[in-house]
Amino acid sequence: MIVILLGSPGSGKGTQSKRLAEKFGFQHLATGDIFRAEIAAQSAVGQKAQDYLKAGKLVPDSIVIEMVAGRLESGGKYLLDGFPRTLEQAQGLDEMLKRMKSSVDLVVYLTLQKEEAIKRMASRRTCTGCGEVYNVISRPTAVEGVCDKCSAKVVQRDDDSEATAAKRLMVFEDLTHPLVAYYKAEAAFHEVDAAQTPDKVEAALSAVIESTKAAR
Ligand code: ADP
Ligand code: ZN
């Protein structure tokens, strides 16, 4: 089963994907997390990607598609978070899946107003050790700047700074939002209101996944 979570930066894709992956036994494939890990490891892919991430731009499609192709296995159960992000990537994914005699089973779009997305990114903090995501307003660490889980430093992501966050939202509108129309025509498509509490969003997403599983 292949599930795609679509949504603007700040819509809670990462948080929800982690919860759902655990609950339903999906492999969580988050291209943003993978790029950040590759950058931290100073790998070849990381070196190619780092300037794009820093500027809030998308990494070129060919690099992203190749990276994902190397990680998808035939017959796997995947939750895709942050991929695809352009029409070209969506077409690349369709081709990869076709070769594996598979296809996208479900696309859920987490909807959120731009103002709220900006607020969330401004208050988001991320652990430099384990990647755990906090929020200075809604989910602070017990000790300021220290991860509850692994005790590493918790900081604001470079690209969550105000100017870069606004840039990422523009990129989302221009390049990623067109995927809504693409998937409305191609796959089972649902929308979930991301302005609700994380538990409510999780419940709504779970219901959609359950009904998709039942219909297969
Ligand atoms: P968010 O969803 O909050 O923007 P991500 O962690 O998903 O955060 O992505 C962070 C950055 O990683 C993006 O701004 C982009 O530079 C890069 N990136 C992640 N996924 C992709 C992708 N599918 N295509 C191109 N760039 C990507
Ligand atoms: Zn941590």
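Numbering starts at 1 and runs along the sequence shown.
V68 is listed as a side-chain neighbour of M96, based on a closest heavy-atom distance under 4.5 Å. When side chains are defined from C-beta on, V59 does not count as touching K48, because their heavy atoms never get closer than 4.5 Å. Counting heavy atoms from C-beta on, the side chains of R125 and V136 come closer than 4.5 Å. Using a 4.5 Å heavy-atom threshold, the side chains of D94 and Y182 count as touching. Proximity of I137 to K119: side-chain heavy atoms (C-beta onward) are nowhere separated by under 4.5 Å. When side chains are defined from C-beta on, V104 counts as touching L97, because their heavy atoms get closer than 4.5 Å. Looking at P9 and L169, their side chains come closer than 4.5 Å, going by heavy atoms from C-beta outward. Between L93 and L72, the closest side-chain pair of non-hydrogen atoms falls below 4.5 Å.
For the atom pair NE2 (H177) and CG (L6), the distance works out to 9.0 Å, reported to the nearest 0.5 Å. Atom CG of residue D105 and atom OH of residue Y78 lie 13.5 Å apart, to the nearest 0.5 angstrom. Taking OG1 from T15 and NZ from K18, the interatomic distance works out to 6.0 Å, rounded to the nearest 0.5 Å. Taking CD1 of I209 as the start and CG of L106 as the end, the distance is 6.5 Å to the nearest 0.5 Å. With values rounded to the nearest 0.5 angstrom, L179 atom CG is found 11.0 Å from E186 atom CD. Here the straight-line distance linking atom OG of S8 with atom CG of L112 works out to 5.5 Å at 0.5 Å rounding.
Closest approach of D148 and A142 over heavy atoms only: OD1-N, 2.9 Å. In terms of heavy-atom proximity, S103 sits nearest to I2 at O-CG1, 3.5 Å. The shortest non-hydrogen separation linking R120 to A194 is NH2-O, 2.7 Å. The two residues Q156 and M121 make their nearest non-hydrogen contact at NE2-O, 3.8 Å. Of all heavy-atom pairs spanning C130 and C127, the tightest one is N-SG, 3.3 Å. Contact detail for K149 and E132: the closest heavy-atom pair is NZ-OE1, 3.3 Å.
No donor-acceptor pair closer than 3.5 Å links the side chain of K153 to the backbone N or O of T128. Between the side chain of Q16 and the backbone N or O of G12 there is no donor-acceptor pair closer than 3.5 Å.
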Give the C-alpha distance, both sets of side-chain angles, the deciding distance and a yes or no for side chain to side chain contact (heavy atoms under 4.5 Å, CB included) between M1 and T212.
CA-CA 10 Å; M1 186 168 175; T212 305; 3.8 Å; yes
Full working for salt bridge (charged side-chain N to carboxylate O under 4.0 Å, His left out) between D160 and R168
CA-CA 9 Å; D160 275 344; R168 281 157 61 210; 2.9 Å; yes
Do any side-chain atoms of residues 19-46 form donor-acceptor pairs under 3.5 angstrom with protein atoms, and if so which ones, sequence neighbours left out?
{"residue": "R19", "atom": "NH1", "partner": "D199", "partner atom": "OD1", "Å": "2.9"}
{"residue": "R19", "atom": "NH1", "partner": "E202", "partner atom": "OE1", "Å": "2.6"}
{"residue": "K23", "atom": "NZ", "partner": "E202", "partner atom": "OE2", "Å": "3.3"}
{"residue": "K23", "atom": "NZ", "partner": "S206", "partner atom": "OG", "Å": "2.8"}
{"residue": "H28", "atom": "NE2", "partner": "D81", "partner atom": "OD2", "Å": "2.9"}
{"residue": "T31", "atom": "OG1", "partner": "G82", "partner atom": "O", "Å": "2.9"}
{"residue": "D33", "atom": "OD1", "partner": "R36", "partner atom": "NH2", "Å": "2.8"}
{"residue": "E38", "atom": "OE1", "partner": "S43", "partner atom": "OG", "Å": "2.5"}
{"residue": "E38", "atom": "OE2", "partner": "R71", "partner atom": "NH2", "Å": "3.3"}
{"residue": "S43", "atom": "OG", "partner": "E38", "partner atom": "O", "Å": "3.4"}
{"residue": "S43", "atom": "OG", "partner": "G46", "partner atom": "N", "Å": "3.1"}

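Around CD of E66, the count of heavy atoms belonging to other residues, nucleotides or ligands within 6.0 Å does not exceed 12. Counting heavy atoms of neighbouring residues, nucleotides and ligands inside a 6.0 Å radius, atom NZ of K114 does not exceed 12 of them. In this structure, M170 places its CE atom where only 12 or fewer heavy-atom neighbours from other residues, nucleotides or ligands lie under 6.0 Å away. Applying the 6.0 Å contact sphere to CD of Q113 captures no more than 12 heavy atoms from other residues, nucleotides or ligands. Atom OH of Y52 has 12 or fewer neighbouring heavy atoms from other residues, nucleotides or ligands inside a 6.0 Å radius.
For N135 and S123, the side-chain atoms include at least one donor-acceptor pair closer than 3.5 Å.
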